[in-house]
Trainee: 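Sending over a structure as structure tokens; questions will come in a sec.
When a ligand or atom number is given, it counts from 1 through the structure's own listing order. Because only heavy atoms are used, hydrogens play no part in the values below, and waters and symmetry mates are left out as well, while side chains stay in.
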Amino acid sequence: RGPSPPVYPGALPILGHAHQLYGDPIYFWKIQKKMYQFSLDNGGVSEIRFGPHSVYVVTDPDDSLVVANTCLNKPYYYEFAKEMFNRGLVTASLTTWKPHRRLLYPAFNMQVLATFVSEYNTQARNLVEALTSEVGKEPFNVRHYLVNQLLKTVCQTSLGLETKDKSIDEDYANATEDLFMLFVERLKKLYLHLPWIFAWSSLKARQDQLLKIMNDAMFRVIDRRKAELKGNVDKTKTDIRDVKFKPLLDQLLELSDTQDALSDAEIREHLDTVVAAAYDTTSIAVTYALILLGTYPEVQNRAYKEVQTVLGDEDKDFSKDDLQRLVYLEAVLKESMRMYPSVPCVARSIEADVKLKNYTLPAGASCMISIYGLNHHAIWGPDVDQFKPERWLDPSTLPDNPNVFCSFSIGKRNCLGRLYAMLVMKTMLAHVLRKFLIISDINSITTQYDILIKPADDSQIRLELRSG
Ligand code: HEM
């Protein structure tokens with residue numbers, strides 16, 4: 001097999017690096033960054049150990065793509081989330097994932113997403129209204145507002161819920177967040193990797209409670225919608241929306257009716273996956289973008305001017321075309337997602353030996369593709385650690401290798417919702433920029449990790465009303 005990649009320092013017999021993973025979410029992010037940096041400093045591949053299990057940390061762009069496209073199954077620690085998401089795309093095994101990805105793919109194309117743009121605008125206006133109560137006050141937690149609004153947006157476009165419908169609300173969001181914390185807790189404690197020990201733990205009892213809250217809520221939504229569609233009840237409900245508007249739930253029920261392609265349980269798993277994959281990732285990305293805009297007034301000013309140029313002084317909504325003309329705002333978003341990718345790494349199972357440039361990774365191990373590491377690779381140039389949206393405006397200032405920007409992951413199993421995400425995030429940011437001046441300081445923000453990275457501090461941004 002040839003040489004082995006360097007092992008991250010401090011491994012102990014039996015435990016490997018497990019003892020280094022203990023600590024709170026802020027510590028856990030710090031140690032992960034060190035592990036990614038070690039991989040970057042050592043040619044792009046290194047090894048850590050969860051007890052006897054080898055995990056390779058890959059930060060080389062070419063090697064990452066090889067792993068992403070040849071290892072399509074997820075490793076055993078994704079199983080921790082399986083009771084919740086099961087055959088949903090993120091956790092599905094390859095045999096389910098392939099046909100289901102094909103089934104869901106059409107629901108995320110631009111034609112469908114264009115019918116959601118008025119929902120995005122409505123929710124962005126609601127966000128602006130809610131944020132108005134913070135004007136002139138002390139720095140506050142803007143992510144809380146975004147979670148609330150983006151959860152509503154996703155529930156409307158995925159589940160067809162009306163704005164006032166509280167079926168999937170804060171309780172659901174809190175349960176999701178607690179569940180993610182619980183997965184991390186299990187990941188860090190090696191003995192809880194063993195299913196029979198986990199089954200007797202207090203963590204498992206808590207997991208069951210959270211799953212019940214979430215499953216009950218989602219099944220209620222599915223059952224009600226099925227009844228509505230069967231009885232043609234409430235058809236007028238969608239009339240106020242784009243006539244072609246069809247939430248993901250309706251599309252999945254149609255597939256189940258016409259092709260017998262999906263069971264109710266599978267539909268629930270896909271919807272839970274999409275909702276969980278969508279609202280928190282986007283709320284985190286918009287939060288960091290706002291904090292960075294508030295830290296760099298000249299960037300904020302340029303983004304604001306672009307918004308004004310696209311819409312003029314009229315208080316109208318952004319159309320799909322308007323959103324596509326917000327080129328600088330898109331650069332701001334990409335750059336903040338480069339620096340703070342909501343999902344900092346993804347993992348794959350190595351089922352057959354994988355040949356990389358300098359090493360062969362052995363079957364039976366697993367591999368972490370470090371999104372954070374790739375986004376901070378030296379290939380970005382000497383200004384890699386600086387926030388420079390301008391780099392996205394001129395292709396000659398970007399790395400030749402497109403795989404180094406991988407906040408939406410890379411290869412065949414990349415993010416299905418990336419187009420959705422960009423549209424909704426741009427709409428939210430554009431509405432906020434139009435109304436408020438944002439003031440913040442990224443240097444005062446600490447990052448924590450719970451599968452996603454997010455600000456640990458409540459003091460995130462301040463707002464002033466824009467005059468005129
Ligand atoms: C800033 C926002 C987002 C980021 C950073 C993001 C990132 C990612 C990443 C890194 C993955 C790969 C996960 C893995 O392999 O473990 C992924 C997968 C996925 N994402 Fe996103 N995502 C975002 C928004 C969304 C949205 C809005 C949706 C849906 C509306 C969505 C739906 C999905 C789905 C269904 C998958 C599974 C894809 C598959 O395995 O075939 N994501 N996302």
Side-chain angles (χ1 to χ4, degrees), residues 64 67-69 71-75 77-82 85-94 96-105 107-109 112-113 116 119-120 123 143 146-147 150-151 153-159 180 183 247-249 251-252 269-289 330 333-334 336-349 366-372 374-375 403 405-429 451-454:
S64 298
V67 172
N69 278 337
C71 308
L72 288 170
N73 263 322
K74 306 281 174 91
Y77 32 91
Y78 274 64
E79 297 280 325
F80 302 168
K82 264 216 150 167
F85 301 115
N86 201 8
R87 289 156 291 183
L89 291 182
V90 174
T91 45
S93 62
L94 187 54
T96 313
W97 171 78
K98 249 189 185 163
H100 283 206
R101 170 114 179 177
R102 214 170 300 130
L103 283 176
L104 265 70
Y105 193 78
F108 291 88
N109 72 32
V112 173
L113 298 182
F116 296 165
E119 294 292 337
Y120 299 161
Q123 289 306 328
R143 194 174 81 84
L146 286 161
V147 163
L150 281 156
L151 182 63
T153 313
V154 174
C155 285
Q156 282 168 1
T157 53
S158 302
L159 312 176
F180 279 14
F183 297 150
L248 179 64
L249 170 56
Q251 298 177 55
L252 297 182
E269 289 154 18
H270 281 307
L271 292 174
D272 271 326
T273 298
V274 166
V275 172
Y279 80 89
D280 215 9
T281 48
T282 46
S283 70
I284 290 165
V286 177
T287 300
Y288 276 114
E330 179 155 327
L333 253 173
K334 283 186 171 160
S336 70
M337 286 175 66
R338 180 184 74 79
M339 297 191 78
Y340 298 93
S342 316
V343 186
C345 85
V346 294
R348 296 297 168 82
S349 173
S366 62
C367 185
M368 275 163 53
I369 301 171
S370 168
I371 292 177
Y372 186 89
L374 286 160
N375 286 357
N403 305 322
F405 176 67
C406 63
S407 297
F408 290 113
S409 191
I410 47 172
K412 295 178 191 157
R413 238 182 141 158
N414 66 356
C415 175
L416 191 55
R418 58 198 180 283
L419 212 54
Y420 180 114
M422 287 310 283
L423 286 175
V424 75
M425 293 190 301
K426 270 163 109 177
T427 313
M428 293 277 165
L429 275 176
I451 309 282
L452 306 177
I453 57 168
K454 51 189 73 158

Trainee: Just by distance, no angles: are the side chains of Asn375 and Ser407 close enough, under 3.5 Å, to form a donor-acceptor pair?
Mentor: yes
Trainee: Using heavy atoms and a threshold below 4.0 Å, how should the contact between Ile371 and ligand 1 be classified: side chain, backbone, both, or neither?
Mentor: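 The answer is the side chain.
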Trainee: Of the non-hydrogen atoms in Phe408 and Asn414, which two are nearest, and what is the gap between them?
Mentor: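 In terms of heavy atoms, the two residues are closest at O-CB, 3.5 Å.
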Trainee: Could you list which atoms of ligand 1 come closer than 4.0 Å to a heavy atom of Asn414?
Mentor: 38 (C), 39 (C)
Trainee: In terms of residue, atom name and distance, what is the protein heavy atom nearest to atom 35 (C) of ligand 1?
Mentor: Leu416 CB, 4.0 Å
Trainee: Hey, which atoms in ligand 1 end up nearer than 4.0 Å to a heavy atom of Phe108?
Mentor: 29 (C), 30 (C)
Trainee: Do Asn403 and Leu374 come close enough that some side-chain heavy atom pair is under 4.5 Å?
Mentor: no
Trainee: Of all the atoms in ligand 1, which lie at a distance below 4.0 Å from a heavy atom belonging to Arg101?
Mentor: 38 (C), 39 (C), 41 (O)
Trainee: Given Cys415, Ala289, Ala277, Ser342, which has its nearest heavy atom closest to atom 43 (N) of ligand 1?
Mentor: Cys415
Trainee: Can Arg418 be said to touch ligand 1, with heavy atoms closer than 4.0 Å?
Mentor: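 In this structure, Arg418 fails to qualify as a contact of ligand 1 - no heavy atom is under 4.0 Å.
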Trainee: What's the shortest distance from atom 6 (C) of ligand 1 to any protein heavy atom, and which residue and atom give it?
Mentor: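 For atom 6 (C) of ligand 1, the nearest protein heavy atom comes out as Phe408 CD2, 3.7 Å.
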Trainee: If the cut-off is 4.0 Å to any non-hydrogen atom of Met425, which atoms of ligand 1 fall inside it?
Mentor: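 Per the distance check, 1 (C).
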Trainee: Is there a nitrogen or oxygen of Ser407 sitting under 3.5 Å from a nitrogen or oxygen of ligand 1?
Mentor: no
Trainee: May I have the step-by-step check of side-chain contact (heavy atoms from CB on, under 4.5 Å) for Arg348 and Asn69, ending in yes or no?
Mentor: CA-CA 10 Å; Arg348 296 297 168 82; Asn69 278 337; over 6 Å; no
Trainee: Counting non-hydrogen protein atoms only, what is the nearest one to atom 37 (C) of ligand 1? Give residue, atom name and distance.
Mentor: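 Among all protein heavy atoms, the one nearest atom 37 (C) of ligand 1 is Val90 CG2, 3.5 Å.
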Trainee: Which heavy atom in Tyr78 sits nearest to a heavy atom in Ala347, and how many Å separate them?
Mentor: OH-N, 3.1 Å
Trainee: Can you tell me how far apart OH (Tyr420) and CG (Asn109) are? Round to the nearest 0.5 Å.
Mentor: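 Those atoms lie 14.0 Å apart.
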Trainee: Specify side chain, backbone, both or neither for Thr281, according to which of its non-hydrogen atoms lie closer than 4.0 Å to ligand 1.
Mentor: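 The part of Thr281 near ligand 1 is both the backbone and the side chain.
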Trainee: May I ask whether Val424 places a heavy atom under 4.0 Å from ligand 1?
Mentor: no
Trainee: Could you label the plane-to-plane angle of the Phe180 and Phe85 rings as parallel, tilted or perpendicular, counting under 30° as parallel and over 60° as perpendicular?
Mentor: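 Answer is perpendicular, since the angle exceeds 60°.
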Trainee: Pick from His100, Arg87, Lys82: which one makes a side chain to side chain contact (heavy atoms under 4.5 Å, CB included) with Glu269?
Mentor: Arg87
Trainee: Do you know which two heavy atoms are closest between Ile453 and Ile284, and how far apart they sit?
Mentor: O-CG2, 3.1 Å
Trainee: Any non-hydrogen atom of Thr273 lying under 4.0 Å from ligand 1?
Mentor: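 False for this residue.
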Trainee: Look at ligand 1 and say whether Tyr78 reaches it with a heavy atom at a distance under 4.0 Å.
Mentor: yes
Trainee: Under 4.0 Å from a heavy atom of Ser409: give me the atoms of ligand 1 that qualify, with their elements.
Mentor: 10 (C), 12 (C)
Trainee: Which pair of non-hydrogen atoms, one from Thr157 and one from Phe116, has the smallest distance, and what is that distance?
Mentor: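 Result for this residue pair: CG2-CG, 3.5 Å.
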Trainee: Considering both backbone and side-chain atoms of Lys74, is one of its nitrogen or oxygen atoms within less than 3.5 Å of a nitrogen or oxygen in ligand 1?
Mentor: yes
Trainee: Return the closest protein heavy atom for atom 13 (C) of ligand 1 as residue, atom name and distance.
Mentor: Val346 CG1, 3.7 Å
Trainee: Taking N or O atoms only and a 3.5 Å limit, does Thr282 qualify as a polar contact for ligand 1?
Mentor: no
Trainee: Give me the residue, atom name and distance of the protein heavy atom closest to atom 28 (C) of ligand 1.
Mentor: Gly417 CA, 3.5 Å
Trainee: Working to the nearest 0.5 angstrom, can you tell me the gap between Ser93 OG and Glu79 CD?
Mentor: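 If I round to the nearest 0.5 Å, the distance is 8.5 Å.
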Trainee: Closest approach of Leu94 and Asn73, non-hydrogen atoms and distance?
Mentor: N-OD1, 2.8 Å
